[in-house]
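Note on naming: letters A, B, ... go to the chains in the order of the sequence lines (proteins, then strands), and numbering restarts at 1 for each one.
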There are 2 protein chains.
Amino acid sequence: MRAFVHPTVDQMTPQAILHALADPERAKIYAEIAGLGCIQGCATLADTGERVIPKSSLSQHFRVLREAGLIRSERHGVEMRNYARCAEIDARFPGLLVAIMRAYAQNSGQEFAEAVAAKHA
Amino acid sequence: MRAFVHPTVDQMTPQAILHALADPERAKIYAEIAGLGCIQGCATLADTGERVIPKSSLSQHFRVLREAGLIRSERHGVEMRNYARCAEIDARFPGLLVAIMRAYAQNSGQEFAEAVAAKHA
DNA sequence: GCGTTAGTTCGGGAATATGGAACTATTGAA
DNA sequence: TTCAATAGTTCCATATTCCCGAACTAACGC
């Protein structure tokens with residue numbers, strides 16, 4: 001278990017941020033963290049949804065978010081605390097996070113993604 | 001060669017848009033299209049950069065952008081015209097594209113998107 | 001028809017993502 | 001201090017996606 005990697009503000013790239021948030025699962029996780037300011041643990045999230053996300057996948061999702069600079073993870077005893085780095089990101093890329101979160105909030109049904117998927121099948 | 005798939009405005013998803021623009025190559029292509037309003041052909045782009053992107057890859061990039069709703073492709077005779085659907089996307093997800101393009105512009109001296117960001121402002 | 005131009009699709013290897021099983025780190029209790 | 005429980009990480013095999021050369025297709029002009 002090596003130490004966590006947290007990029008500095010100027011190491012953040014739009015590329016990594018977009019990639020991290022392009023996954024709705026991760027966007028959801030990030031939204032929850034950003035909403036709460038701090039969220040504890042993977043297991044907490046794992047069972048809140050309808051689908052149970054395996055904890056290894058959760059761990060990966062957290063890593064991607066972390067390495068994109070979206071969250072900061074701290075180990076407190078046996079558990080984990082994740083904080084959204086909104087302010088830092090907003091300082092670097094003003095308006096980006098708000099716009100993305102707004103977009104997700106606005107989007108409800110993803111019928112088209114399914115249609116395309118079916119077409120390519 | 002089946003007909004192109006173009007999502008309607010309400011079929012667009014943040015997910016697809018973010019995924020499409022998470023690739024800097026595609027972001028660059030989109031920026032150029034958005035900047036010019038219309039760009040002709042894949043080959044045009046292929047040799048403008050330092051690295052020559054193979055046309056099959058270009059074709060895929062265009063498809064991803066198209067199916068995310070970012071561009072509209074029309075075949076005019078033997079060649080192709082691609083238009084940015086900025087207005088439509090901005091109507092659906094206000095501020096999203098500007099924020100993303102700004103972020104890319106801000107990042108590591110990538111001047112390319114600056115003009116575009118300015119244009120959308 | 002034939003050749004040329006512009007782009008798409010096919011196919012297979014590379015890269016990335018998913019998730020179960022095993023492992024690690026920390027705490028609390030016996 | 002040893003053991004069990006909890007919380008996450010890492011390993012690894014499978015699955016999916018991406019990349020790009022080669023083959024194919026569509027639209028011209030001759």
Side-chain angles (χ1 to χ4, degrees), chain A residues 1-6 15-16 18-29 32-33 38-68 71-83 113-114 116-121, chain B residues 1-6 15-16 18-29 32-33 38-68 71-83:
Chain A
M1 276 189 191
R2 52 180 113 79
F4 294 145
V5 178
H6 289 107
Q15 180 181 348
L18 295 191
H19 171 249
L21 295 179
D23 182 326
E25 213 78 81
R26 280 195 293 262
K28 195 171 174 180
I29 293 172
E32 286 193 54
I33 295 176
C38 155
I39 201 164
Q40 277 149 24
C42 296
T44 317
L45 283 165
D47 42 14
T48 48
E50 48 286 339
R51 186 176 80 92
V52 178
I53 307 168
K55 60 179 186 168
S56 60
S57 305
L58 244 337
S59 185
Q60 290 309 305
H61 285 326
F62 275 101
R63 191 173 62 78
V64 172
L65 289 171
R66 192 164 51 231
E67 295 185 354
I71 63 174
R72 182 181 302 282
S73 307
E74 290 174 10
R75 168 176 284 272
H76 281 256
V78 72
E79 71 186 15
M80 206 76 171
R81 285 181 206 162
N82 294 289
Y83 303 91
E114 291 163 1
V116 174
K119 181 157 287 195
H120 282 272
Chain B
M1 277 191 190
R2 47 178 121 77
F4 294 145
V5 179
H6 288 108
Q15 182 181 346
L18 294 191
H19 171 249
L21 294 179
D23 181 326
E25 212 79 79
R26 278 195 294 263
K28 195 169 176 181
I29 293 172
E32 286 193 52
I33 295 176
C38 155
I39 202 165
Q40 277 149 24
C42 297
T44 315
L45 283 165
D47 42 15
T48 47
E50 47 289 336
R51 189 177 77 92
V52 179
I53 308 168
K55 59 179 187 169
S56 59
S57 305
L58 245 334
S59 184
Q60 291 308 306
H61 284 327
F62 276 100
R63 190 172 64 79
V64 172
L65 290 170
R66 191 163 51 232
E67 294 185 353
I71 63 173
R72 183 181 302 281
S73 307
E74 291 174 10
R75 169 176 283 273
H76 281 258
V78 71
E79 71 185 17
M80 205 77 172
R81 285 182 207 160
N82 294 289
Y83 303 90

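Checking the phosphate oxygens (OP1, OP2) of D:dC20, a side-chain nitrogen or oxygen of B:S57 falls inside 4.0 Å.
Comparing atom distances between the B:P54 side chain and each of C:dT8, D:dC20, C:dG20 picks out D:dC20 as nearest. Side-chain atoms of A:F4 lie closest to D:dT9 of the nucleotides D:dT10, D:dC19, D:dT9.
Below the 3.5 angstrom threshold, one finds no donor paired with an acceptor across the side chain of B:S59 and the base of C:dG7.
When rounded to the nearest whole Å, the span between CE of B:M80 and C1' of D:dA27 equals 12 Å. Look at CG on A:L58: it is 11 Å from C1' on C:dG19, rounded to the nearest Å. Atom P of nucleotide C:dT16 and atom CZ of A:R63 are separated by 11 Å, given to the nearest angstrom. Per the geometry, CD1 belonging to B:I53 stands 9 Å off P belonging to D:dC20, to the nearest Å. The separation between B:H61 atom NE2 and C:dT8 atom P is 13 Å, rounded to whole Å. Between B:R81 atom CZ and D:dA26 atom P there is a gap of 21 Å when expressed in whole angstrom units. One atom, CD of B:E25, and another, C1' of D:dC19, lie 11 Å apart when rounded to the nearest Å.
B:L21 and B:A27 get closest at one heavy-atom pair: O-CB, 3.8 Å. Listed here is the closest heavy atom pair of B:A68 and B:A16: CB-O, 3.6 Å. Across all their heavy atoms, A:I33 and A:Y83 have their closest contact at CG2-C, 3.9 Å.
A:H61 is linked by a side-chain hydrogen bond (donor to acceptor under 3.5 Å, both in side chains) to A:R26, counting only residues two or more places apart in sequence or in another chain. The salt bridge (charged side-chain N to carboxylate O under 4.0 Å, His left out) check on A:E74 picks up nothing, with sequence neighbours excluded. Scanning for side-chain hydrogen bond (donor to acceptor under 3.5 Å, both in side chains) contacts around A:S73 gives A:R66, A:N82, with sequence neighbours left out. With sequence neighbours excluded, the residues satisfying side-chain hydrogen bond (donor to acceptor under 3.5 Å, both in side chains) with A:E67 are A:R63.
Taking NE2 of A:H6 as the start and CD1 of A:I71 as the end, the distance is 7.0 Å to the nearest 0.5 Å. In this structure, CG in B:L65 is found 9.0 Å from CG in B:D23, a value given to the nearest 0.5 Å.
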Response to the item:
Counting primed atoms, P, OP1 and OP2 as sugar-phosphate and everything else as base, the B/S/- map of nucleotides 23-30 of chain C against protein heavy atoms under 4.0 Å is -BSBS---
Extract from the structure each pairing of a protein N or O with an N or O of nucleotides 15-18 of chain D at less than 3.5 Å, listing the distance.
unit_1: D:dC18; atom_1: OP1; unit_2: B:H19; atom_2: NE2; d: 3.0

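Residue B:R66 is the one, among A:Q60 and B:R66, whose nearest nucleotide of DNA chain C lies closer to the 5' end (criterion: closest heavy atom).
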